[in-house]
Amino acid sequence: MHIVIIGNGISGITAARHIRKRSNHRITVISAETTHFFSRTALMYIYMGHMTYEQTKPYEDWFWEKNRIELLNKFVDRVDTGHKKLLCSDGSNITYDKLILAVGSKSRKFGWKGENLQHVQGLYSYQDLEAMETASENLKHAVIVGGGLIGIEMAEMFHTRKIPVTMLVREESYWRSVLPKQEAEIVKREIAFFGIEVRYNTELKEILDDGNGKVKGIVTSQGKEIACGFVGLTIGVQPNIDFLQGSGVETDRGILVNEFLETNILDVYAIGDCTQFKIPINDRKPIEQVWYTGRMQGETLAATICGKRTAYQPGPWFNSAKFFHIEYQTYGKAPANMNELQEELYWEHPSGKKCIHIFYEKDTHQLLGINLLGIRYKHEVCNEWLEKRSDMQEVLINLHKANFDPEFFRTYEHKIVELYNKKHPDRAIAYKRKKGWLEKIFG
């Protein structure tokens, strides 16, 4: 059986590796981006000089031949599902028995005038990194549109080269559509600390042409003009599915799949950023464009491909990021804006660079989610609490078990318990501090 995978990101490569572990099927991986798999999350570190491209490849180049995984550097123009054939831009055709679509995302555009000018781009692919490198030569000023994770990465990249940056953020604080106001304010201060100019409550209206097809500036929604030689479009990404037109594969915003990652076409599957679940799993979003979900989907589908039909079960939501020097973790449901059925505990360090934010149900006191800035918790501990829908009393008295920081770091569990006791005296936890953690007093 010949299994063809389009896309060599984390989802496609995980599928290939686990199919090989389970079988002797012929495996071909096609990518027009790079020949070899690399860590996409490390793109910024290549630009910043911390790593080389070679150092971002998790496997040596000989790994693929040794494991009989064929790599093709080609661009697939069209998919002919009726004849189980891929038509490539170089005129070649590739036949398959089973096809896995792991084609990822592309930077989102909104039809702005000038959005296709030279040096106007996102940061998703290796080619984006190369274009950003070229644009950075003699660059005097950059404008970044959007307040998401890619935007802050791009701002940090330019900052390391002392290239002035202006960010346009449509909310009153950074990433306010995702972060609660307290966390958004901490990140807002961090951005300001590093000297990044941010224009909040501001959107892009137009990108200006220098007359030679290159960007020379932008116009904001307030009519203000900003001169720049680069515009970063970081207002999100969208599934890369244009080439599937006419294939018969059902799409909406992404490639529609069921819980087994199967499309509407027999022997055609989809995993990773390009995937949209017809019925969202465990109340999660139908499209989840993060590294670890792509990895899990690749491993899950490999089992199905090799004869053990397996449903995708991602468990509670998790993500992590870095805002300049502040690490961020989020577990479960940590809403940007709470509803009347939700309650919170929020503690912030006097430095203004660390916080613990815990969300729970107002009536049942069952844990909903946790946000952390500048403090790390162990994933397996938080995941277990969320899966069990643990009561807040159990969570709080055991917070020390989640603490990921080194042994002699100061811990703050008792501060959170004090907040909870003050807010809920009828459910107050009697405790004593012992060797840096809490010990519940029973009886």
Side-chain angles (χ1 to χ4, degrees), residues 10 39-51 56 123 144 146-160 167 169 173-196 198 234 288-293 295 316-336 344-359 369-383 385-386 395 399-413 415-416 436:
I10 184 61
S39 176
R40 192 175 305 283
T41 56
L43 282 174
M44 67 181 294
Y45 300 112
I46 299 175
Y47 180 94
M48 294 163 67
H50 300 325
M51 303 178 74
T56 68
L123 180 61
I144 298 172
L149 297 178
I150 297 176
I152 198 69
E153 287 184 357
M154 191 176 279
E156 184 174 357
M157 291 162 73
F158 283 129
H159 179 74
T160 62
M167 297 182 71
V169 177
S173 294
Y174 171 83
W175 213 24
R176 184 64 182 87
S177 60
V178 175
L179 293 177
K181 62 182 180 180
Q182 299 97 322
E183 287 91 311
E185 284 298 317
I186 291 177
V187 178
K188 183 177 181 178
R189 294 194 298 266
E190 181 76 352
I191 295 171
F193 175 81
F194 281 90
I196 306 299
V198 184
T234 64
E288 293 184 339
Q289 293 157 323
V290 292
W291 182 89
Y292 82 94
T293 56
R295 177 185 56 78
W317 169 253
F318 163 73
N319 200 9
S320 63
K322 198 164 179 281
F323 306 123
F324 283 94
H325 290 171
I326 297 179
E327 292 188 52
Y328 163 67
Q329 288 184 324
T330 183
Y331 297 94
K333 297 177 181 178
E344 66 181 341
L345 293 177
Y346 179 79
W347 171 83
E348 185 175 306
H349 190 270
S351 68
K353 291 179 176 288
K354 297 180 180 182
C355 77
I356 300 171
H357 204 166
I358 302 177
F359 299 85
I370 302 173
N371 271 355
L372 302 162
L373 286 178
I375 293 172
R376 290 180 291 171
Y377 277 178
K378 296 176 182 175
H379 177 257
E380 64 272 17
V381 175
C382 296
N383 195 67
W385 287 337
L386 290 164
V395 171
L399 271 183
H400 65 278
K401 294 180 179 178
N403 204 314
F404 187 83
D405 288 321
E407 182 179 358
F408 297 109
F409 273 47
R410 179 174 293 180
T411 58
Y412 306 99
E413 288 82 14
K415 297 286 188 181
I416 311 301

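When a residue number appears, it is its place in the shown sequence, counting from 1. Keep in mind the model is a prediction, meaning the values are calculated, not measured.
Between F194 and H159, the two ring planes are perpendicular [angle over 60°; tilted spans 30° to 60°]. By the 30° and 60° cut-offs, the orientation of the rings of W317 relative to Y292 is tilted.
The nearest pair of heavy atoms linking I370 to C382 is CD1-SG, 4.1 Å. Scanning both residues, L372 and R376, for their nearest heavy atoms gives CD1-C, 4.3 Å. For the pair K378 and N403, the tightest heavy-atom approach, listed with the atom from each and the gap, is CE-O, 3.5 Å.
Look at R189 and E348 and you find a salt bridge, because one of the NZ, NE, NH1 or NH2 atoms lies within 4.0 Å of a carboxylate O, short of that distance.
Only one option out of I144, T234, I150 pairs with L123 in a side chain to side chain contact (heavy atoms under 4.5 Å, CB included); it is I150. A side chain to side chain contact (heavy atoms under 4.5 Å, CB included) with T160 is found for exactly one of H50, M48, M44, namely M48. With S173 as reference, E185 is the one residue of Q182, K181, E185, E183 to meet the side chain to side chain donor-acceptor pair (under 3.5 Å) rule.
Contact check for Y174 versus F323: side-chain heavy atoms found under the 4.5 Å cut-off.
Defined by atom type and a distance below 3.5 Å, a donor-acceptor pair is missing between the side-chain atoms of Q329 and N371. Judged purely by distance below 3.5 Å, without hydrogens or angles, the side chains of H325 and E190 never pair a donor atom with an acceptor atom. Donor-acceptor pairing under 3.5 Å is lacking for the side chains of T330 and N319.
A cation-pi arrangement is found for K353 relative to F193, the charged atom lying closer than 6.0 Å to the ring centre and inside a 45° cone about the ring normal.
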